[in-house]
Amino acid sequence: MTMTKRRPIMAGRSTIAFSLLLSSSLSSLSSSSSSFASPAAAFTSKLPASRSFASARSPRSITAPCSATLKMSQPSSSSSSEAAAIDGTEEEKEEEEKEEEKKVYLPSLPLPPPLFSTVPGTWAHDTMSRRVESEILERTYEEMRDEFHSPGFESALEGMERLRSELRDASNVKIRHLRELTYDDEKEKESRAREREEWRAILEPFVSKGDTWLSAPWMVAEFYLYRRLMEEIGYFDPSNPTTHLWDPFLKAKRAGLATSAASAEGVMARVEGLPPTREGTGLAAAFALWGNKMDLSIWPADADNADRDVFSEILERAGENLLHDDANELEDHCEGLRERGGGNVDVIVDNAGFELVTDLALADHLVSAGVAGVVTFQLKSHPTFVSDAMEKDLRETVEHYASLDAEKYPYAQRAGVRWQRYLDDGKWVCREDNFWVQGSAMWDMPEPLRSDMTSRCDLAFVKGDANYRRLLGDRDWDYTAPFQDVVGAYFPCPVCALRTLKAEVGCGMDADQVERASGLDDQWMVNGRFGVVHFGTGCADA
């Protein structure tokens with residue numbers, strides 16, 4: 001694949017922080033030794049960032065000012081987050097939410113065009129014209145072949161084939177709105193009607209002009225694909241209890257979980273010994289960043305690697321593959337949270353399997369080090385993108401680790417026990433929301449989710465490639481456009497994006513690093529080899 005070289009628009013910042021940290025302290029990650037060699041010495045060599053942020057001593061005070069324009073937002077997609085809405089009487093809440101619905105927050109730079117799937121040779125075109133049908137859905141069918149050919153799954157099999165048939169002719173088949181279902185339960189009826197209307201608002205501009213699977217914006221089409229799969233297999237249809245809430249990716253996710261312990265043992269040995277310092281926070285974030293490389297939709301779990309520490313091999317090359325590093329800003333902000341006694345930190349989760357384990361390791365350290373009093377995991381409300389994590393996947397991961405063989409995996413098993421205690425004690429909270437599975441930009445975050453994150457959240461980690469694409473609206477930004485101007489200008493709270501690159505979209509990368517990566521690997525934007533750590537202050541008047 002040939003990538004178009006883009007004109008740099010800003011000077012790059014230093015990217016040596018994680019490189020120094022990882023090279024000094026990760027070479028023996030697979031060791032199960034409980035001793036921890038502090039990476040502090042590596043940080044004495046850090047270069048200052050060329051663009052400084054305000055002091056994080058009072059963390060929420062560093063958010064940047066932003067302006068809002070009048071525009072009605074899409075209806076609320078919140079489910080469990082409604083319980084955490086702003087205080088006050090019901091009438092006051094309604095008035096405040098009406099005011100918020102009139103606002104929209106956008107990047108401070110002009111919006112470039114969105115990515116489409118119509119250009120042969122691009123990852124977007126290959127994904128929507130080939131990969132989703134012949135690789136992802138084919139693999140899902142093969143993994144679930146027994147279920148698809150079992151009693152009660154006849155309609156699911158027909159629906160799967162119907163969807164695949166559309167995708168085989170993706171350039172000609174027009175997308176459509178979701179079908180309406182009948183529900184006896186009033187609460188479920190209301191919830192599904194709200195979600196269907198949210199999707200109608202997202203799809204209407206493209207359905208009304210006859211867009212196909214390829215001519216609709218890539219992000220919209222790809223998220224819609226997985227929602228259509230849920231429709232075709234009867235995931236939301238209570239009339240068939242066999243397929244109602246049946247996860248077609250369950251075997252893939254469980255295989256990823258089953259093969260994760262060998263790599264996780266070394267990580268947990270380090271996490272257990274991390275110091276409650278900025279260096280410790282940086283290393284925990286590094287684990288979560290490179291855990292994003294382990295994406296089941298691109299690299300399926302392999303039983304042959306169940307006893308192999310694959311992650312250590314990834315980390316050995318991590319420093320040289322980091323294209324931008326805002327670790328200094330992240331650590332400053334976390335130190336401010338620690339100094340005030342711990343804040344509320346959200347993790348907008350990406351994949352289940354080993355990546356989720358590294359997210360839990362990050363959250364483990366944030367709590368134990370005093371950075372976070374509460375960590376809230378923002379999770380998907382239905383199966384999507386093969387391995388994306390729902391609440392049930394997180395809880396199953398915790399239970400699995402707590403029940404590991406303590407002699408074979410002592411650190412991982414102890415971690416599982418700690419994680420269960422965090423859940424029981426309310427230090428970890430799980431929330432699912434429809435917004436996290438919809439193909440809209442994150443600046444379209446609806447109420448009451450946005451107000452909740454504005455008032456409650458002191459820092460949000462945004463994990464993974466699909467979430468990152470939504471942060472950028474899946475638009476064709478210059479690769480060197482400042483992350484603060486693209487994301488920090490509108491996001492409702494301070495935000496740190498941890499992403500390995502798996503799509504042809506990006507920002508905030510140093511010009512010399514872009515040049516270097518494109519020279520090393522012509523697949524540099526899509527194969528997960530390279531990563532970024534971005535920090536944005538968030539929007540003060542959000």
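Closest approach of W419 and A361 over heavy atoms only: CZ2-N, 4.2 Å. Taking both residues in full, the closest heavy atoms of C457 and C493 are given as O-CB, 3.4 Å, listed atom of the first, atom of the second, then distance. Shortest non-hydrogen contact noted between V532 and L323 is CG1-CB, 4.1 Å. Nearest heavy-atom pair, R179 versus E231, reported as atom, atom and distance to 0.1 Å: N-OE1, 2.8 Å. Closest non-hydrogen pair, W443 versus L106, comes out as CD1-CD2, 3.5 Å. Residue R278 comes nearest to E335 through the heavy atom pair N-OE2, 3.4 Å, listed as atom of the first residue, atom of the second, then distance.
For F116, there are no ring-ring contact (aromatic ring centres under 6.0 Å, His included) partners, not counting sequence neighbours.
A salt bridge (Lys or Arg N to Asp or Glu O under 4.0 Å) with K463 is found for exactly one of D350, D388, D359, namely D359. When each of T480, D485, D478 is tested with P482 by the rule side chain to side chain contact (heavy atoms under 4.5 Å, CB included), just one qualifies, namely D485. When each of E222, R228, R227 is paired with Y224, the side chain to side chain donor-acceptor pair (under 3.5 Å) condition holds for R228 and for no other.
Taking the centre of each ring, Y479 and W524 come in below the 6.0 Å mark. Remark: aromatic rings of F223 and F385 are close, center separation under 6.0 Å.
Relative orientation of the H333 and F535 rings is tilted, given thresholds of 30° and 60° on the angle between their planes.
Atom NZ of K187 has 12 or fewer neighbouring heavy atoms from other residues, nucleotides or ligands inside a 6.0 Å radius.
With hydrogens and angles left out, the side-chain atoms of E355 and N351 include a donor and acceptor closer than 3.5 Å. Remark: the T277 side chain and the E279 side chain contain an N/O donor-acceptor pair separated by less than 3.5 Å. Using modelled atom types and a 3.5 Å distance limit, the side chains of E432 and H382 yield no donor-acceptor pair. In this structure, a donor-acceptor pair under 3.5 Å is present between the side chains of D364 and Y422.
Remark: R196 fails to qualify as a cation-pi partner of F236 under the 6.0 Å distance and 45° angle criteria applied to the six-membered ring. Remark: R516 is not positioned above the aromatic ring of F530, lacking an NZ or CZ atom under 6.0 angstrom from the ring centre and at most 45 degrees off the axis. Stacking of R469 on the aromatic ring of W218 is recorded, both the 6.0 Å distance cut-off and the 45° axial limit being met.
Rounded to the nearest 0.5 Å, atoms OG (S191) and CG (N434) are 6.0 Å apart.
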